[in-house]
Structure formats: C-alpha cells, structure tokens
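Notes for the one structure printed next.
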Amino acid sequence: HAKYAESAWVYVGGLAAALTEGDVVCVLSQWGEIEDLNMPRDAKTGKPRGWAWCKYEDQRSTVLAVDNMTGAELLGRTLRVDHCEKYKLPKELREREDRFEPGALYAGKELASSTYTLQRGQVVFE
C-alpha cells in the first residue's frame, strides 16, 4: 500500500450493469467518505461499462476498500478493487461546474432503462 500513499483513488471492476453511481457510492462509502466517482458508460446505449474510479477523502480509506472489497461478490459478480497511482478525471468532467449536483452528468440525456431514474437506484442487497 505504501506505493500509493499519495493517491486517494481506487479502481473498481466487475460492477453489474444494473448498478447506478448512487449504488456504487453507497457500497463503497462503508470504507470512507467519497469525494468523487467516475463510472464510464457506453456512448450509444448509456449502460455502465462495468468499472469505475472512486476518490476517497483520504488514502487510509483506499487501503480499507482494497483490503475488504477485492474478491467480494455484489449482485452475482466478483469485484476487483485496486489502488490507482496517478488517476485524473477526464478533462470534460473536470471542467464542469455543476458536476457535484446529483445527476448533473446525465442531465438532458436519455437513460438506457426507464425502470430507473437518477433519484432511484437498484436494490443491491435483498
């Protein structure tokens, strides 16, 4: 973990397509305060690609997330959580002034599923 002492970012892979950004934040927040999340989506369908980058408030939280979430199962998929040494949000996301408002990145875009809204996510634990 010492190699990543200057980074509070983690990579999260193996995410189910049914998960929203809110669901991912909810699950990962048990290891610390989350400051940012980038969950790429397919440009044509709007569906999540199955991975995300998450920035915690401090590096200690990244250690907890990596140690406790790697190999965990979520919605039938095995998660891979690992440190990111030099992650930086894409330029178009860094420059948006409204990106911290709920749903701001998807405002005006049609969602892939009409079942879910930006305010309502997916049931993760049943």
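By convention here, the first residue in the shown sequence is residue 1. The basis for the numbers below is simple: all heavy atoms, side chains too, and nothing from hydrogens, waters or symmetry mates.
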Just how far is it from atom [atom1] of [X] to atom [atom2] of [Y], taken to the nearest 0.5 Å?
X   : Y   : atom1 : atom2 : result
M39 : W53 : CE    : CH2   : 11.5 Å
E57 : I34 : CD    : CD1   : 11.0 Å
Y11 : W51 : OH    : CH2   : 7.0 Å
M69 : T78 : CE    : OG1   : 11.0 Å
L28 : L15 : CG    : CG    : 7.5 Å
R80 : T70 : CZ    : OG1   : 8.0 Å

At their closest point, which heavy atom of [X] faces which heavy atom of [Y], and how far apart are they?
X   : Y   : answer
L79 : G14 : CD2-O, 3.8 Å
S61 : G32 : OG-CA, 3.5 Å
A65 : Y56 : CB-OH, 3.5 Å
R41 : P48 : NH1-CD, 3.4 Å
P40 : A52 : CD-CA, 4.3 Å

Check: Under 4.5 Å between any side-chain heavy atoms of L74 and D23, yes or no?
Finding: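 L74 vs D23: side chains apart.
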
Checklist line | Check: C84 main-chain N/O paired with S7 side-chain donor or acceptor under 3.5 Å | finding: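 Present.
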
Notebook entry, point to check: Judged by atom type as modelled, is there a donor-acceptor pair below 3.5 Å linking the side chain of T62 to the main-chain atoms of W9?
Noted result: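 Looks like no, no N/O pair under 3.5 Å.
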
